[in-house]
Amino acid sequence: MLQVSNIRAHKEAYIQAFKKRNFDAENILNDVLKLDETRRSTQAQLDETLAESNQLSKEIGTMFKNGEHQKAGILKGKSAKLKETSKAFSDELNTTIQELDKLLYTIPNVPHDLVPSGSTEADNVEIFKEGDIPVLPEGSLPHWELAKKYDIIDFELGNKITGAGFPVYKGKGARIQRALIAYFLDKAANSGYNEYQLPLLVNEASGFGTGQLPDKEGQMYHVGMDDLYLIPTAEVPMTNMFRDQMLNENELPITCTGYTPCFRREAGSYGAHVRGLNRLHQFDKVELVRIEKPENSYAALDKMVEHIKDLLRELKLPYRILRLCGGDLGFTAALTFDFEVFSTAQDRWLEISSVSNFETFQANRLKLRYKDKDGNKQLVHTLNGSALALPRVLAGILENYQTPEGIKIPDVLIPYTGFDIIN
RNA sequence: GGAGAAAUGGCAGAGCGGUUUAAUGCGGCAGUCUUGAAAACUGUUGAGGGUCACACCUCCGGGGGUUCGAAUCCCUCUUUCUCCGCCA
């Protein structure tokens with residue numbers, strides 16, 4: 001959520017920046033400023049009434065002490081009138097605040113200068129590419145065929161137990177999942193990230209804190225009886241650990257990592273692109289979260305990018321990095337880099353990580369601030385990134401490492417799997 | 001699931017209808033003293049809104065109510081603790 005004070009100070013710049021999202025913000029920003037005007041003047045009127053009322057109550061108190069009951073009775077009537085007035089102002093204030101918040105909730109983050117304009121993923125800018133795309137032998141298969149051939153992932157079984165998008169990993173398939181999780185967590189720990197095991201269900205306040213609510217309500221599974229949501233990413237519980245906190249400067253940066261399953265309804269996604277592991281309702285992911293001082297956040301974003309590059313280099317998977325265009329940028333992000341692995345057998349790129357700087361957008365909702373050297377309180381910047389999402393990494397490994405003898409295991413994973421081929 | 005108790009500033013802890021604009025202690029910060037430090041002493045020390053700056057307003061777990069006036073009384077929700085039951 002944007003800060004009204006910033007909207008007031010940078011309105012024109014924001015309107016220009018929002019054009020990159022194809023978002024014509026002029027009217028809504030004007031409405032916000034107008035409502036904020038109303039809010040402040042109503043607040044002032046309310047405060048004035050309350051001040052008068054407080055004063056009166058004190059006087060009445062003194063009169064009672066002095067036994068001047070009759071005099072007090074007169075003032076009581078006056079006080080009742082003031083109460084009516086303050087109630088009216090208070091109602092008006094609440095209505096205004098609600099309207100203001102409702103508007104603010106619909107405004108996405110301001111795109112960073114580096115964000116290219118554009119409306120679809122075709123407008124994303126490739127900024128880096130590394131790794132050789134292997135030439136596969138005759139008769140090479142897409143990963144869902146390989147999964148069946150070697151009996152390591154069973155999609156039908158998942159259909160039976162739950163429904164589409166909930167695969168069952170079996171034998172070496174299950175083992176390689178566990179290996180990937182352990183490998184990713186070890187790498188994160190070596191880079192200084194603190195490991196957490198987090199709740200997989202979160203309350204409404206947490207959903208609001210990181211911006212999934214109210215924007216993406218339909219994308220999360222909701223447990224009605226207890227009014228809880230299944231997490232769509234570890235970002236939600238991991239970032240919300242710090243909700244409503246005043247940090248000291250010397251506590252920053254805070255760096256966390258954690259493995260969780262992720263649950264997404266993916267309403268409206270069907271067709272060939274969701275085959276196999278490409279798009280699931282439940283999948284595993286290791287996530288990184290950083291809480292930074294504003295002046296350091298973009299250097300931190302670069303660090304996260306380097307961390308993920310290192311993972312993909314070690315796994316020897318061909319990948320590229322995209323800078324997301326305004327149209328593809330998430331609601332809460334100021335700047336996002338997507339990592340994609342090349343799926344040889346499908347002849348397409350698969351997104352396996354998304355790394356974003358949210359600047360103060362989440363911190364403002366979370367009320368997550370820190371005190372700098374001079375004792376000034378300011379919002380922190382929050383960042384997060386997947387390192388990595390498992391299913392598409394697995395798809396990439398299965399497809400790129402297939403040989404006539406079976407699927408080789410990347411060298412770096414062998415200590416974790418305990419085997420070097422799936423056959 | 002049942003019965004009881006509790007929730008107050010960074011922490012501990014008083015207050016149970018009107019000098020509480022929240023006592024006191026600890027911790028933090030600044031100063032005095034000291035070659036320096038400790039100790040001692042003095043001062044200072046929560047958040048949000050608002051203002052050029054003051055003033056002023058709000059906040060004692062969340063929400064609602066009673067009252068001229070609520071940290072204090074009532075209702076409700078949440079959480080924690082103790083006991084009982086169930087349980088990996």
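The chains referred to below are lettered A, B, ... by the order of the sequence lines, with proteins before strands, and numbering in each begins at 1.
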For this session: Using whole Å, report how far CG of Asp244(A) lies from P of A47(B).
Result: 14 Å

Seminar exercise, completed: As its Watson-Crick or G-U partner within any shown strand, both distances under 3.5 Å, G27(B) has U45(B)

Exercise. Hey, which of these two, Ile60(A) or Lys87(A), hits RNA chain B nearer its 5' end, going by closest nucleotide?
Worked result: Lys87(A)

For this session: Figure out the CG/P separation between Asn203(A) and C77(B), and round it to whole Å.
Result: 18 Å

Exercise. So which nucleotide from G69(B), U58(B), G50(B) ends up closest to the side chain of Ser57(A)?
Worked result: G69(B)

Problem set entry | Euclidean distance, atom CD of residue Glu59(A) to atom P of U19(B) [Å, nearest integer] | 15 Å

For this session: Would you classify Ala51(A) as touching base, sugar-phosphate or nothing, given that sugar-phosphate means primed atoms plus P, OP1 and OP2, and contacts are heavy atoms under 4.0 Å?
Result: sugar-phosphate

Problem set entry | Base partner of G85(B), which must satisfy Watson-Crick or wobble distances under 3.5 Å | none

Problem set entry | Separation of the P atoms in C77(B) and A22(B), to the nearest angstrom | 32 Å

Exercise. Given the C1' atoms of G28(B) and U78(B), what is the spacing between them in whole Å?
Worked result: 32 Å

Seminar exercise, completed: Regarding the side chain of Lys371(A), the nearest nucleotide among G49(B), A47(B), U58(B) is A47(B)

Exercise. When you check the side-chain N and O atoms of Asn203(A) and Ser206(A), is any donor under 3.5 Å from an acceptor?
Worked result: yes

Exercise. Paired with G17(B): which nucleotide, if any, by Watson-Crick or G-U wobble criteria at under 3.5 Å for both distances?
Worked result: none

Exercise. Lys377(A) side chain N/O closer than 4.0 Å to the phosphate oxygens (OP1, OP2) of G46(B)?
Worked result: no

Seminar exercise, completed: Rounded to whole Å, the CG-C1' distance (Leu46(A) to C56(B)) equals 11 Å

Exercise. Side chains of Asn94(A) and Gln98(A): do they bring a donor and an acceptor to under 3.5 Å?
Worked result: no

Problem set entry | Partner nucleotide of C52(B) by Watson-Crick or wobble geometry (both distances under 3.5 Å) | none

Seminar exercise, completed: Checking N1-N3 plus N6-O4 or O6-N4 for Watson-Crick, or N1-O2 and O6-N3 for wobble, each under 3.5 Å, the partner of U32(B) is A40(B)

Problem set entry | Separation of A70(B) C1' from Lys83(A) NZ (nearest whole Å) | 11 Å

Seminar exercise, completed: On RNA chain B, more 5' by nearest nucleotide between Met246(A) and Leu56(A) is Met246(A)

Exercise. Is there a donor N/O on one and an acceptor N/O on the other, under 3.5 Å, for the side chain of Asn54(A) and the base of G69(B)?
Worked result: no

Exercise. Heavy atoms, side chains only, cut-off 4.5 Å: are Phe166(A) and Phe155(A) in contact?
Worked result: no

Exercise. For residues Ser343(A) and Glu399(A), is any side-chain donor paired with an opposing acceptor at under 3.5 Å?
Worked result: yes

Exercise. Lys367(A) has an atom NZ; how far is it from atom P of G62(B), in whole Å?
Worked result: 13 Å

Exercise. Does any nucleotide pair with U80(B) by Watson-Crick or G-U wobble geometry, both distances under 3.5 Å, and what is it?
Worked result: A5(B)

Problem set entry | Distance between C1' atoms of U32(B) and A38(B) (Å, rounded) | 15 Å

Problem set entry | Listed partners of Thr106(A) passing side-chain contact (heavy atoms from CB on, under 4.5 Å), at least two apart | Ile28(A)

Exercise. Does a side chain donor of either Asp186(A) or Tyr416(A) reach within less than 3.5 Å of an acceptor in the other side chain?
Worked result: yes

Exercise. Can you tell me how far C1' of G49(B) sits from CG of Asp36(A), to the nearest Å?
Worked result: 11 Å

For this session: With the side chain of Arg369(A) defined as its heavy atoms from C-beta on, choose the nearest nucleotide among U58(B), G48(B), C56(B).
Result: G48(B)

For this session: Measure the acute angle between the ring planes of His10(A) and Tyr14(A), then classify it against the limits of 30° and 60° as parallel, tilted or perpendicular.
Result: tilted

For this session: Could you tell me the separation between the CD atom of Gln43(A) and the C1' atom of G49(B), rounded to a whole number of Å?
Result: 5 Å

Problem set entry | Any-strand Watson-Crick or G-U partner of G69(B), both distances under 3.5 Å | none

Exercise. Between U58(B), C68(B), G50(B), which nucleotide has the shortest distance from any of its atoms to the side chain of Arg39(A)?
Worked result: G50(B)

Problem set entry | C1'-based separation of C33(B) from G25(B) [nearest Å] | 25 Å

